[in-house]
Amino acid sequence: MASIAPRRPLSAATLADLDDDAVQDIDQFVLRFGKLQDVLGTRLFPALLDVLQEPYEDRPMLDKLNRLEKLGLLESTESWEKLRALRNHFAHEYPDEPALRAAYLNQGFDAAASIETILQRIGQRFGLGLE
């Protein structure tokens with residue numbers, strides 16, 4: 001995030017002018033954002049519900065997200081769904097639409113703070129050093 005910050009906000013023009021290091025930084029951000037979002041949803045959230053002895057292992061993801069919201073670990077189910085949709089946008093390339101790519105990247109940079117907040121809430125709740 002620190003290496004990308006001087007280039008923000010991105011635009012179609014700035015994407016076209018990025019050097020190799022900047023492209024690599026952005027690629028790493030996209031990869032890590034997607035992996036972290038996946039791991040939270042597929043591993044951490046179910047594990048948290050298990051530790052809390054919540055009987056949600058066989059329930060749909062939406063039910064799990066609603067419960068995590070009620071427990072105060074997620075801001076809202078809707079905000080999580082937006083993170084998931086953004087992750088899905090990253091999974092697709094838009095080579096003919098650099099303005100759209102830039103817009104999604106800018107949203108992703110802003111959304112990283114939401115993921116950080118989720119991890120901080122979990123860390124505080126469970127006494128973990130996730131800050």
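Because only heavy atoms are used, hydrogens play no part in the values below, and waters and symmetry mates are left out as well, while side chains stay in.
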Checklist outcome for this item: Only one of His92, His89, Glu97 passes side chain to side chain contact (heavy atoms under 4.5 Å, CB included) with Tyr104, and that residue is His89
Next on the checklist: So Ile118 and Leu83, do their side chains get closer than 4.5 Å, heavy atoms only?
Outcome noted: yes
Checklist entry - Considering only heavy atoms from C-beta outward, does the side chain of Glu75 approach that of Trp80 to under 4.5 Å? => result no
Item to check | Salt bridge Asp27-Arg32, side-chain N to carboxylate O under 4.0 Å | outcome: no
Checklist entry - Within a strict 4.5 Å, meaning less than it, do heavy atoms of the Glu69 and Asn66 side chains meet? => result yes
Next on the checklist: Between Arg84 and Asp38, does any side-chain N to carboxylate O distance fall below 4.0 Å?
Outcome noted: yes
Item to check | Side-chain (Asp25) to main-chain (Ile4) donor-acceptor, under 3.5 angstrom | outcome: no
Item to check | Leu48 and Glu54, any side-chain heavy atoms less than 4.5 Å apart | outcome: no
Checklist entry - Quick one: are Arg125 and Leu52 in side-chain contact, heavy atoms under 4.5 Å? => result yes
Checklist entry - Does one side chain, of Thr117 or Ser114, offer a donor that lies under 3.5 Å from an acceptor on the other? => result no
Checklist entry - Are any of the side-chain heavy atoms of Phe126 and Val51 separated by less than 4.5 Å? => result yes
Checklist entry - Salt bridge or not for Lys82 and Glu78, using N-O below 4.0 Å? => result yes
Item to check | Atom of Gly41, atom of Met61 and distance for their closest heavy-atom approach | outcome: O-CE, 3.2 Å
Checklist entry - Quick one: are Thr77 and Lys64 in side-chain contact, heavy atoms under 4.5 Å? => result no
Next on the checklist: Check whether Asn106 reaches the backbone of Ala102 with its side chain - one donor and one acceptor, N or O, closer than 3.5 Å.
Outcome noted: yes
Next on the checklist: Between Phe90 and Phe33, is the ring centroid distance below 6.0 Å?
Outcome noted: yes
Checklist entry - Is there side-chain contact between Val30 and Leu105, with heavy atoms separated by less than 4.5 Å? => result yes
